[in-house]
Amino acid sequence: MEFLVLVEISRPVHVDDAAWSRLLKSESARAAELMSAGVIKRLWRVPGRRANWGLWVADDATTLHEAIVSLPLFPYIDVTVNPLASHPSDSDQV
């Protein structure tokens, strides 16, 4: 199943620069793992914001949730998930 996922990051004031830098590096490594595993297919940055849109693939919503909560920044993100369904006019479906 494909999901269009919006991730918006909020840096809390109580996290110092060094800790934030470590979190960002861990986040990048985990995202690379999810990409290698085929869970994250594409990512797009939202210009001017600490946010991204991603095309994620999972067997179901529970599996997707498990992948999202595995992100080191999970405590500091707001996530919006949109499940996607095939469209009959999609050139890949014809």
Side-chain angles (χ1 to χ4, degrees):
M1 223 177 142
E2 293 180 320
F3 299 87
L4 190 60
V5 178
L6 174 62
V7 173
E8 298 192 72
I9 303 166
S10 298
R11 180 180 172 174
V13 294
H14 70 276
V15 176
D16 65 32
D17 290 344
W20 189 249
S21 180
R22 286 190 302 275
L23 273 170
L24 291 176
K25 286 179 185 175
S26 296
E27 182 78 4
S28 180
R30 180 62 183 139
E33 292 170 357
L34 291 170
M35 290 181 111
S36 291
V39 175
I40 300 175
K41 291 292 191 181
R42 296 283 311 273
L43 284 175
W44 296 269
R45 180 184 318 235
V46 178
R49 292 173 42 199
R50 287 185 179 152
N52 66 75
W53 283 97
L55 179 61
W56 293 57
V57 176
D59 290 338
D60 53 37
T62 299
T63 305
L64 176 69
H65 176 75
E66 291 167 355
I68 292 170
V69 301
S70 77
L71 297 169
L73 287 178
F74 179 72
Y76 312 112
I77 62 175
D78 182 35
V79 180
T80 303
V81 175
N82 297 286
L84 301 174
S86 297
H87 192 285
S89 296
D90 183 358
S91 61
D92 288 342
Q93 303 300 318
V94 178

Original post:
So if you build clusters from Ile, Leu, Val, Met, Phe, Trp, Tyr with side-chain heavy-atom gaps below 4.5 Å, do V81 and L43 land together?
Top reply: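 Cluster IDs for V81 and L43 match.
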Original post:
Would you say M35 and V79 are hydrophobically clustered, going by side-chain heavy atoms of ILVMFWY under 4.5 Å?
Top reply: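 Linked within one cluster.
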Distance check, rounded to the nearest 0.5 Å: [X] atom [atom1] versus [Y] atom [atom2]?
X	Y	atom1	atom2	value
E2	L84	CD	CG	6.0 Å
R42	N52	CZ	CG	12.5 Å
W44	W53	CH2	CH2	10.5 Å

Subject >> Check: L34 and W56 side chains under 4.5 Å, non-hydrogen atoms >> reply: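 The answer is yes; the side chains approach within 4.5 Å.
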Subject >> Min side-chain heavy-atom separation T63-V39 under 4.5 Å >> reply: no
Original post:
Hey, is the main chain of L24 close enough, under 3.5 Å, to the side chain of S28 for a donor-acceptor pair?
Top reply: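 It does not hold such a pair.
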Report all side-chain donor-acceptor pairs from residues 4-12 shorter than 3.5 Å, counting only partners two or more places apart or in another chain.
| unit_1 | atom_1 | unit_2 | atom_2 | d |
| --- | --- | --- | --- | --- |
| E8 | OE1 | R49 | NH2 | 2.5 |
| R11 | NH1 | D17 | OD1 | 3.4 |
| R11 | NH2 | V15 | O | 3.1 |
| R11 | NH2 | D17 | OD1 | 2.6 |

Subject >> Residues which pass side-chain contact (heavy atoms from CB on, under 4.5 Å) with A85, listed by chain and number, not counting sequence neighbours >> reply: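 Partners of A85 by the side-chain contact (heavy atoms from CB on, under 4.5 Å) criterion come out as none, since no residue qualifies.
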Distance-only donor-acceptor pairs under 3.5 Å for side chains of residues 64-75, two or more places apart:
| unit_1 | atom_1 | unit_2 | atom_2 | d |
| --- | --- | --- | --- | --- |
| S70 | OG | R30 | NE | 2.9 |
| S70 | OG | R30 | NH2 | 3.0 |
| S70 | OG | A67 | O | 2.6 |

